[in-house]
Enquirer: 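The structure that follows is given in the form of structure tokens.
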Amino acid sequence: MEVFKDALSEHTLDIFREHHELFKDKETHNDINNFGIDIRTLMHPGTKAFDEVKKICQKHFPNVQDNEIYANYQRQSKPTFLHVDEYGTNRKTKTWTIIIPMHTDDRIGVLLFKDFFNTNDEIQKTIMNFDYDKSRKKSNVSQDYPISHLPYNYKDVDDKFIDYLDLAGVFTYQLGNYVLFDTNQIHASTDFTVYPEYQQKDLVQIHIGPSANEGYNPYHKEKIKI
């Protein structure tokens, strides 16, 4: 993971906000997360928001093509589980994710780990078969952020699965900053819903690279992945 600070102008963030307001009620531009966690307002090529996204992507991947970029303005009503972005499932080349916060608040953010998985089913199997008694904790990050939505040892509710993973870092929400990481790197959001002022939170999500997911078309509503 790599964090880029003060990398985005207020003008760019305003374009993202305007895109959301313009398209949030259009069925052709929106998709509901498989688990009802968020609604994603798609940024199609040809929109001002997509142009801004492409500029960001080209800073890191100068030769990126439009069909190698998937972007959306995401309004979350629930925190995200421990997962990988399945845009990168069965990939032949590396794929990447960028998260751009649309709030400033050090209490909320993204927990990123060094562990890699191909699919979320693989993560689920690992969690179900994890031997807490024979494993060693690698951090105490669960004590620093609200994460009640994440897995724990059924024998001890205070024994959190994420503490046994290799922590890559925590990206907290600051306007103008963004984080870049491998799509197959396991990550989760902190639980922003514990704070009464947050009925929802907003972010821009970008996936970069040629997805090897069979039949994946990021702008076809039925094909959207986590």
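Quick note: numbers below take in every heavy atom, side chains included, and nothing from hydrogens, waters or symmetry partners. The chain is numbered in sequence order, starting from 1.
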Enquirer: Please report the C-alpha distance between Leu150 and Leu111 in whole Å, then the side-chain angles of each, then the deciding distance to 0.1 Å, and finally whether the side-chain contact (heavy atoms from CB on, under 4.5 Å) criterion is met.
Expert: CA-CA 11 Å; Leu150 297 182; Leu111 306 170; 4.2 Å; yes
Enquirer: Hey, could you give me the CD/SG distance between Glu68 and Cys57, rounded to the nearest 0.5 Å?
Expert: 10.0 Å
Enquirer: Is there a path from Ile206 to Val179 through hydrophobic residues (I, L, V, M, F, W, Y) whose side chains come within less than 4.5 Å of each other?
Expert: no
Enquirer: Which heavy atom in Gly88 sits nearest to a heavy atom in Asn118, and how many Å separate them?
Expert: O-OD1, 4.1 Å
Enquirer: Might you point out which heavy atoms bring Phe130 and Ser135 nearest each other, and give the distance in Å?
Expert: CZ-OG, 3.4 Å
Enquirer: For Ser142 versus Asp163, what's the shortest heavy-atom pair and its separation?
Expert: OG-OD2, 2.6 Å
Enquirer: Would you mind reporting whether Lys138 and Leu165 have side-chain heavy atoms less than 4.5 Å apart?
Expert: no
Enquirer: Measure the spacing between NZ of Lys160 and OH of Tyr152 and express it to the nearest 0.5 Å.
Expert: 7.0 Å
Enquirer: What's the verdict on side-chain contact (heavy atoms from CB on, under 4.5 Å) for Tyr70 and Arg40, showing C-alpha distance, side-chain angles and the deciding distance?
Expert: CA-CA 11 Å; Tyr70 162 65; Arg40 303 172 182 196; 4.0 Å; yes
Enquirer: Could you state the interatomic distance from CG (Asp156) to OH (Tyr132), rounded to the nearest 0.5 Å?
Expert: 10.0 Å
Enquirer: Are the side chains of Ile208 and His60 in contact, using a 4.5 Å heavy-atom criterion?
Expert: no
Enquirer: Indicate the ring-plane relationship of Phe23 and His29, choosing parallel, tilted or perpendicular according to the 30° and 60° boundaries.
Expert: parallel
Enquirer: Just by modelled atom types, is the Phe113 backbone N or O under 3.5 Å from a matching donor or acceptor in the Asp166 side chain?
Expert: no
Enquirer: Test Tyr145 against Ile108 for side-chain contact (heavy atoms from CB on, under 4.5 Å), laying out the working first.
Expert: CA-CA 8 Å; Tyr145 298 92; Ile108 61 177; over 6 Å; no
Enquirer: Applying a strict under-4.5 Å side-chain criterion to I, L, V, M, F, W and Y, I'd like to know whether Ile39 and Leu22 cluster together.
Expert: no
Enquirer: For a side chain to side chain contact (heavy atoms under 4.5 Å, CB included) with Val84, tell me which candidate from Thr97, Asp115, Thr183, Asn120 qualifies.
Expert: Asn120
Enquirer: Indicate the atoms forming the closest heavy-atom contact of Ala7 with Tyr178, along with that distance.
Expert: CB-CE2, 3.5 Å
Enquirer: Take Glu122 and Lys125, measure what salt bridge (Lys or Arg N to Asp or Glu O under 4.0 Å) needs, and give me the verdict at the end.
Expert: CA-CA 5 Å; Glu122 288 183 3; Lys125 289 176 182 176; over 6 Å; no
Enquirer: Angle class for the His187/Phe181 ring planes (parallel below 30°, perpendicular above 60°, tilted otherwise)?
Expert: perpendicular
Enquirer: So, do Asp159 and Lys137 sit near enough that their side-chain heavy atoms are less than 4.5 Å apart?
Expert: yes
Enquirer: Using a 6.0 Å cut-off, check whether atom NZ of Lys114 has over 12 heavy atoms from anything other than its own residue.
Expert: no
Enquirer: At their closest point, which heavy atom of His20 faces which heavy atom of Thr41, and how far apart are they?
Expert: CD2-OG1, 3.4 Å
Enquirer: Taking C-beta and beyond as the side chain, do Leu180 and Lys59 meet within less than 4.5 Å on heavy atoms?
Expert: no
Enquirer: Does one hydrophobic cluster hold both Phe16 and Ile69, with members joined at side-chain heavy-atom distances below 4.5 Å?
Expert: yes
Enquirer: Going from CG on Leu82 to OG1 on Thr126, what distance comes out if it is rounded to the nearest 0.5 angstrom?
Expert: 10.0 Å
Enquirer: If you measure from OG on Ser189 to NE2 on His83, what distance do you get to the nearest 0.5 Å?
Expert: 8.0 Å
Enquirer: Between His207 and Thr95, is the side-chain contact (heavy atoms from CB on, under 4.5 Å) condition met? List the steps.
Expert: CA-CA 7 Å; His207 296 320; Thr95 50; over 6 Å; no
Enquirer: Check for me, please, whether Phe61 and Leu8 land in the same ILVMFWY cluster - side-chain distances under 4.5 Å, paths through other members count.
Expert: yes
Enquirer: Of all heavy-atom pairs between Lys78 and Ile37, which one has the smallest distance, and what is that distance?
Expert: O-CG2, 3.0 Å
Enquirer: About how many Å separate CG of Asn177 and OG1 of Thr172, when rounded to the nearest 0.5 Å?
Expert: 8.0 Å
Enquirer: According to salt bridge (Lys or Arg N to Asp or Glu O under 4.0 Å), who are the partners of Asp133, at least two apart in sequence or on a separate chain?
Expert: Lys155
Enquirer: For the pair Arg17 and Asp14, find out whether any cationic side-chain nitrogen is under 4.0 Å from an anionic carboxylate oxygen.
Expert: yes
Enquirer: For the pair Gln65 and Asn67, evaluate side chain to side chain donor-acceptor pair (under 3.5 Å) and give the outcome as yes or no after the intermediate values.
Expert: CA-CA 5 Å; Gln65 302 299 307; Asn67 63 357; over 6 Å; no
Enquirer: Within the supplied structure, the quantity of interest is the number of heavy atoms (other residues, nucleotides, ligands) at a distance under 6.0 Å from Lys94 NZ; does it exceed 12?
Expert: no
Enquirer: Is there a path from Met43 to Leu13 through hydrophobic residues (I, L, V, M, F, W, Y) whose side chains come within less than 4.5 Å of each other?
Expert: yes
Enquirer: Which donor-acceptor pairs under 3.5 Å do side chains of residues 99-107 form with protein atoms, sequence neighbours excluded?
Expert:
residue	atom	partner	partner atom	Å
His103	NE2	Asp202	N	2.7
Thr104	OG1	Leu175	N	2.9
Asp105	OD1	Arg107	N	2.9
Asp105	OD1	Arg107	NE	3.1
Asp105	OD2	Arg107	NE	3.3
Asp105	OD2	Arg107	NH2	2.9
Asp105	OD2	Tyr198	OH	2.8
Asp106	OD1	Gln174	NE2	2.6
Arg107	NH1	Glu197	OE2	3.4
Arg107	NH2	Glu197	OE2	2.5

Enquirer: Please check: side-chain N/O of Asp131 versus main-chain N/O of Lys134, any donor-acceptor pairing under 3.5 Å?
Expert: yes
